[in-house]
Amino acid sequence: DELGWHPDPDDPTKTGTELDFDSAHHCDRVGDGPDADLGALQNTSKYVRARLDEAVAYAEDEVYGRALLALGQGLHGLQDCFSHTDAVEKGGDVPDQLARAMLEGTGFPDVRVMGVDPESDEPGAPANDTFPHDSHNHDAHDTTPAAMAQRGAKTGHELAMEHATAATVLYFEAFKQQVGNDTWQEVVETKAESPNTWIPVSVWPTFLAVAAVALLAGFAAGCAQPQK
């Protein structure tokens, strides 16, 4: 449910329609106009970077569960940038440019962002929108023709996942650089045992897998540095 996933860290019991919709949490465009796509990207970038700053602050205060939640919220917006835009279709270095722009807040590539209307009876299919979420997203392997379309050896969905994973590693690396390896390890090892450290169980396999990739990437980079 595109409108039912914006976790409230102060009330993790909320689900579905009880939650507030935030287009930046999903990298969605609300409304149209000549600058609507860029505005949506800028809003999502601001959200992603704010959640990263929040995660760093919580981690430095040793509130690791809330740091993990903030990271997860930021990652949702970051990863959706590859599922809710045409970056996959643009190809080339556009997805990499998009990932960097999301983390830096500047240098956004020329991509279209999928439209939603929270007030509509069909929020993911706004009337007269030429690029609506429900018919163009790459959210799963069979959600839309764009998700299923073969682009070389991979489908649109598989490419979106690939680019989202690469962006996730960059996001984790940015966090790790700010908090240090010891604090990073504390966050990775945090368990969701109470509402204050609430993370959906389904997220854990992906989180830990990507965290492992990030750790290995950091290890490999460290090994490549000349010893002093």
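Along the sequence shown, the residues carry numbers beginning at 1.
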hydrophobic_cluster_shared for Leu38 and Val94, side chain cutoff 4.5 Å:
yes
Can you tell me how far apart CZ (Phe175) and CG (Leu75) are? Round to the nearest 0.5 Å.
10.5 Å
Determine which pairs satisfy salt bridge (charged side-chain N to carboxylate O under 4.0 Å, His left out) with at least one residue from residues 91-105, sequence neighbours left out, and list them in order.
none
Considering all heavy atoms of both residues, which atom of Met114 and which atom of Ser83 are nearest to each other, and what is their separation?
CE-O, 3.3 Å
Report the distance from atom CD of Glu189 to atom CD of Glu186, rounding to the nearest 0.5 Å.
6.5 Å
Indicate, with yes or no, if Phe131 and Val111 share a hydrophobic cluster defined by side-chain heavy-atom contacts under 4.5 Å among Ile, Leu, Val, Met, Phe, Trp and Tyr.
no
Compare all side-chain heavy atoms of Gln178 with those of Leu52 and state whether any distance is below 4.5 angstrom.
yes
Atom pair OH/CZ of Tyr58 and Arg51 - distance to nearest 0.5 Å
9.5 Å
I'd like to know if the side chain of Gln185 reaches the main chain of Asp182, judged simply by a donor and an acceptor atom lying under 3.5 Å from each other, with no hydrogens or angles considered.
no
Pair Glu89-His138, side-chain donor/acceptor within less than 3.5 Å
yes
Quick check against the 3.5 Å criterion: does Thr144 have a side-chain atom that pairs as donor or acceptor with the backbone of Asn137?
yes
Aromatic ring centroids of Tyr47 and His25 under 6.0 Å?
yes
Nearest heavy-atom neighbours spanning Pro126 and Gly115
CD-O, 3.5 Å
Please tell me whether Leu159 and Phe82 are part of a single hydrophobic cluster in this structure, the criterion being side-chain heavy atoms less than 4.5 Å apart.
no
If you define the side chain from C-beta out and look only at heavy atoms, does anything of Pro95 sit under 4.5 Å from Val88?
no
Mind listing the closest non-hydrogen atom pair of Cys81 and Leu98 along with its distance?
O-CD2, 3.6 Å
Cut-off 3.5 Å, side chains only: do His133 and Asp139 have a donor facing an acceptor?
yes
Does Tyr171 reach the main-chain N or O of Arg49 with its side chain, forming a donor-acceptor pair under 3.5 Å?
no
If we ignore hydrogens and angles and just use 3.5 Å, is the side chain of Lys46 paired with the main-chain N or O of Gly105 as donor and acceptor?
no
Assess the pair His84 and His26: is the distance between their ring centroids shorter than 6.0 Å?
no
May I ask you to check whether over 12 heavy atoms, not counting those of Asp61, lie within 6.0 Å of atom CG?
yes
Donor-acceptor pair, side chain of Thr165 and main chain of Met161, under 3.5 angstrom:
yes
Interatomic distance, NE2@His136 vs CG@Asp86, rounded to 0.5 Å, equals 9.5 Å
More than 12 heavy atoms of other groups within 6.0 Å of Glu122 CD:
no
Would you say Ser45's side chain and Met102's backbone share a donor-acceptor pair under 3.5 angstrom?
yes
Write down the atom of Ala59, the atom of Thr183, and the distance for their closest heavy-atom approach.
CB-CG2, 3.7 Å
Heavy-atom closest pair, residues Pro132 and Gly124:
CB-O, 3.7 Å
Where Gly77 and Thr44 come nearest, the two heavy atoms and their spacing:
O-CG2, 3.7 Å
Applying side chain to side chain contact (heavy atoms under 4.5 Å, CB included), can you list everything that pairs with Asp37, at least two apart in sequence or on another chain?
Arg29, Arg112, Val113
If you round to the nearest 0.5 Å, how far is CG of Asn43 from CG of Asp28?
11.5 Å
Quick one: are His141 and Thr155 in side-chain contact, heavy atoms under 4.5 Å?
no
Applying a strict under-4.5 Å side-chain criterion to I, L, V, M, F, W and Y, I'd like to know whether Leu170 and Leu41 cluster together.
yes
Rounded distance [0.5 Å steps], CD in Gln73 versus CG in Asp22:
9.5 Å
